[in-house]
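Below is one structure, written out as structure tokens; the observations come after it.
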Amino acid sequence: MPAIAQEIFYTIDDIYALPEGKRAELIDGQIYDMAPPSRRHQTIARELFTSIDTYIKSNAGYCEPFFAPFAVFLNKDDLNYVEPDICVICDHNKLTDKGCSGAPDWIIEIVSPSSRTMDYYTKLFKYRTAGVREYWIVDHERNLVTVYDFQNKTAANYTLSDDIPVSIYPGFCISLSAVNQ
């Protein structure tokens, strides 16, 4: 009988054992290396985070925004660990000294050439099934922001110049026109 190859599953311990400075995510026991973000990627992340943080603070919001690297233990297991570009957590019971244990309410991923498949497919499925309420995919190369409102079972596309509504904060819109030049 021929030998059957066994699939190797990694855990969060393997993520913590990575060499200093190496970043990776763990999805269903598989490690995915992360490339350093570009300057444009960082600019978009900064603008989004600033808009979100300012809105929450000026409206006495109880949710907290975080930016990468920030550990999210999606399924409260040792086989899933992600570092979204931006996440917003409204349930403070999910927050620990290590990061977030469970699904954030809102996640934003900014597409890089090396992350395109992960952001559009793998993470879309993981975030939806884990209980994330809202997921944005910001694709500056395509001038596109895809918004998944899992709570209301809708999806919509916007350009970076559009006023993009935030479903977890009715009345709050974000425009990235300043970074789209």
Side-chain angles (χ1 to χ4, degrees), residues 1-42 44-46 48-49 52 63-91 93-142 144-151 153-155 157 168:
M1 180 182 298
I4 298 174
Q6 284 189 321
E7 189 171 5
I8 297 173
F9 286 95
Y10 297 94
T11 67
I12 290 169
D13 290 339
D14 295 304
I15 292 291
Y16 287 140
L18 290 172
E20 184 73 29
K22 182 174 173 95
R23 290 182 54 214
E25 294 179 304
L26 180 69
I27 298 179
D28 295 329
Q30 298 303 303
I31 291 180
Y32 297 90
D33 291 331
M34 298 172 68
S38 68
R39 184 177 61 87
R40 183 155 172 85
H41 182 285
Q42 290 295 81
I44 292 169
R46 181 190 68 232
L48 281 165
F49 182 84
I52 294 164
C63 301
E64 285 192 64
F66 296 91
F67 52 87
F70 180 76
V72 174
F73 306 93
L74 255 186
N75 296 0
K76 297 182 186 178
D77 62 20
D78 68 345
L79 298 176
N80 291 281
Y81 166 96
V82 293
E83 292 182 2
D85 290 309
I86 298 171
C87 62
V88 176
I89 295 113
C90 300
D91 180 352
N93 292 322
K94 292 181 179 180
L95 294 172
T96 69
D97 285 341
K98 290 186 175 186
C100 176
S101 181
D105 294 270
W106 180 17
I107 289 179
I108 300 173
E109 294 286 8
I110 301 163
V111 175
S112 298
S114 64
S115 74
R116 187 169 299 282
T117 301
M118 286 290 291
D119 295 337
Y120 277 103
Y121 300 102
T122 308
K123 288 183 176 179
L124 171 64
F125 175 77
K126 286 305 292 183
Y127 292 161
R128 182 176 53 83
T129 57
V132 171
R133 293 167 47 202
E134 185 166 356
Y135 175 42
W136 288 21
I137 303 171
V138 179
D139 192 334
H140 57 88
E141 285 184 9
R142 295 181 179 166
L144 180 69
V145 178
T146 304
V147 174
Y148 293 94
D149 178 353
F150 298 133
Q151 187 172 280
K153 298 181 176 139
T154 63
N157 289 319
I168 69 166

Is [Y] close to [X] at the side-chain level, that is, under 4.5 Å between some pair of heavy atoms?
X: I12; Y: L26; value: yes
X: K22; Y: D33; value: yes
X: P69; Y: R23; value: yes
X: D139; Y: R116; value: yes

In Å and rounded to the nearest 0.5 Å, what is the [atom1] to [atom2] distance from [X] to [Y]?
X: T11; Y: N80; atom1: OG1; atom2: CG; value: 11.5 Å
X: D91; Y: E64; atom1: CG; atom2: CD; value: 11.5 Å
X: I27; Y: L74; atom1: CD1; atom2: CG; value: 7.5 Å

- Show your working on side-chain contact (heavy atoms from CB on, under 4.5 Å) between N75 and K126 and close with a plain yes or no. CA-CA 9 Å; N75 296 0; K126 286 305 292 183; 3.2 Å; yes

- Please say which of V111, L48, T146 ends up in a side chain to side chain contact (heavy atoms under 4.5 Å, CB included) with V138. L48

- Residue of the set V82, I86, V88 for which side chain to side chain contact (heavy atoms under 4.5 Å, CB included) holds with P84: V82

- Task: Test Y81 against every option in Y10, Y32, F73 by the ring pair (Phe, Tyr, Trp, His ring centres under 6.0 Å) rule and name the one that passes.
- Result: F73

- Query: Which residue pairs pass the ring-ring contact (aromatic ring centres under 6.0 Å, His included) test with at least one member in residues 97-130, sequence neighbours excluded?
  - Reply: W106-W136, Y127-Y135

Can you give me the closest heavy-atom contact between [X] and [Y], atom names plus distance?
X: K123; Y: E25; result: NZ-OE1, 2.7 Å
X: H41; Y: D85; result: CE1-OD1, 3.0 Å
X: V72; Y: P104; result: CG1-CD, 3.7 Å
X: E83; Y: A68; result: O-CB, 4.1 Å
X: L95; Y: F66; result: CD2-CE1, 3.9 Å
X: A71; Y: K98; result: CB-O, 3.3 Å

Taking [X] for its side chain and [Y] for its backbone only, find out whether a donor-acceptor pair lies under 3.5 Å.
X: Q30; Y: I8; answer: yes
X: D105; Y: C90; answer: yes
X: K94; Y: A103; answer: yes

- Task: Tell me, yes or no, whether the heavy-atom count around F67 atom CZ, taken from other residues, nucleotides or ligands under 6.0 Å, exceeds 12.
- Result: no

- Decide yes or no on side-chain contact (heavy atoms from CB on, under 4.5 Å) for D119 and L124, but give the supporting numbers first. CA-CA 6 Å; D119 295 337; L124 171 64; over 6 Å; no

- Message: Using the rule given for side-chain contact (heavy atoms from CB on, under 4.5 Å), can you reason through Q151 versus E134, listing the C-alpha separation, both sets of side-chain angles and the distance that settles it, and then say yes or no?
- Response: CA-CA 7 Å; Q151 187 172 280; E134 185 166 356; over 6 Å; no

- Across all chains, not counting sequence neighbours, the salt bridge (Lys or Arg N to Asp or Glu O under 4.0 Å) partners of D77 are none

- Note on the structure: Contacts of S112 meeting side-chain hydrogen bond (donor to acceptor under 3.5 Å, both in side chains) (sequence neighbours excluded), chain-then-number -> none

